[in-house]
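Notes follow the structure.
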Amino acid sequence: MGSTSKILTFEDVAKHNHKKDCWIIVNNKVYDVTPFLDDHPGGDEALLSATGKDATADFEDVGHSDSAVEIMEKYFVGEVDTATLPSSEVKKNPAPPVQATTLNNQSSGIFLKLLQYLVPLLILGSAFALQYYGKRSKSNES
């Protein structure tokens with residue numbers, strides 16, 4: 001990505017919306033992903049459905065790896081003029097609520113992972129305790 005980046009309008013980007021010419025917008029950057037369609041792990045439909053709109057939310061919802069972000073850089077075309085984005089596109093990516101939701105999801109995710117380990121351990125511990133006390137009471141009766 002050079003210091004003189006091309007500025008493209010949303011309308012310019014939206015014209016590139018088919019399998020032989022596919023451009024997407026992620027984080028106000030435009031990428032020509034046409035050569036990557038066949039190699040995309042989610043299939044070409046995932047990328048084709050992201051054309052004609054700001055695909056930032058879709059991209060972030062999937063949770064792409066750092067290497068995926070690095071790979072994207074070789075498909076960089078320019079930046080989108082945010083003033084040309086449809087108003088519904090601008091409203092789709094409010095940063096603060098996304099961050100707040102992420103924090104809530106992380107804390108509940110940690111709780112669920114903790115439960116996934118504790119519940120089986122409690123069941124296993126109860127089974128061993130019952131077995132131990134069962135054998136002990138039988139040996140006391142003899």
* **Under the salt bridge (Lys or Arg N to Asp or Glu O under 4.0 Å) test, residues paired with Asp81 that sit two or more places apart** => none
* To do: Please report the shortest heavy-atom distance between Lys19 and Leu37, naming the atom on each side.
  => O-CD1, 3.1 Å
* Asked: For the side chain of Asp54 and the backbone of Thr56, is there at least one donor-acceptor N/O pair under 3.5 Å apart?
  -> yes
* Asked: In terms of hydrophobic clustering (I, L, V, M, F, W, Y; side-chain heavy atoms under 4.5 Å; direct or indirect links), are Leu124 and Tyr132 co-clustered?
  -> no
* Asked: Which word best sums up how the rings of His64 and Phe59 line up, parallel for under 30°, tilted for 30 to 60°, or perpendicular for over 60°?
  -> parallel
* Asked: Do the side chains of Phe76 and Ile7 join up, straight or via other hydrophobic residues, at under 4.5 Å, putting them in one cluster?
  -> no
* **Minimal non-hydrogen separation, Pro35 against Asp39, with atom names** => O-OD2, 4.1 Å
* Decide if atom CG of Asp66 counts as having more than 12 heavy atoms of other residues, nucleotides or ligands within a radius under 6.0 Å. => no
* Between Leu8 and Thr84, what is the shortest heavy-atom contact and its length? -> O-OG1, 4.5 Å
* Same cluster (ILVMFWY, side-chain, under 4.5 Å), Leu48 and Val62 -> no
* Structure fact -> Smallest heavy-atom separation, Ala46 atom then Ser49 atom, equals O-OG, 3.0 Å
* To do: Of all the heavy-atom pairs spanning Lys6 and Val77, show the shortest one and how long it is.
  => CB-O, 3.7 Å
* Asked: Just by modelled atom types, is the Trp23 backbone N or O under 3.5 Å from a matching donor or acceptor in the Thr51 side chain?
  -> no
* Rounded to the nearest 0.5 Å, what's the gap from CZ on Phe36 to CE on Met72? Could you check? => 9.5 Å
* **salt bridge (Lys or Arg N to Asp or Glu O under 4.0 Å) against Asp21, all qualifying residues, sequence neighbours excluded** => none
* Answer yes or no: is there a side-chain heavy-atom contact under 4.5 Å between Ile24 and Val26? => yes
* **Interatomic distance, Glu11 atom CD to Thr9 atom OG1 [nearest 0.5 angstrom]** => 4.5 Å
* Asked: Do Phe10 and Ile25 touch side chain to side chain, with heavy atoms closer than 4.5 Å?
  -> yes
* When rounded to the nearest 0.5 angstrom, what distance separates CG in Asp58 from CG in Leu47? -> 10.5 Å
* Would you list the pairs meeting side chain to side chain donor-acceptor pair (under 3.5 Å) in which at least one residue belongs to residues 114-127, sequence neighbours left out? => none
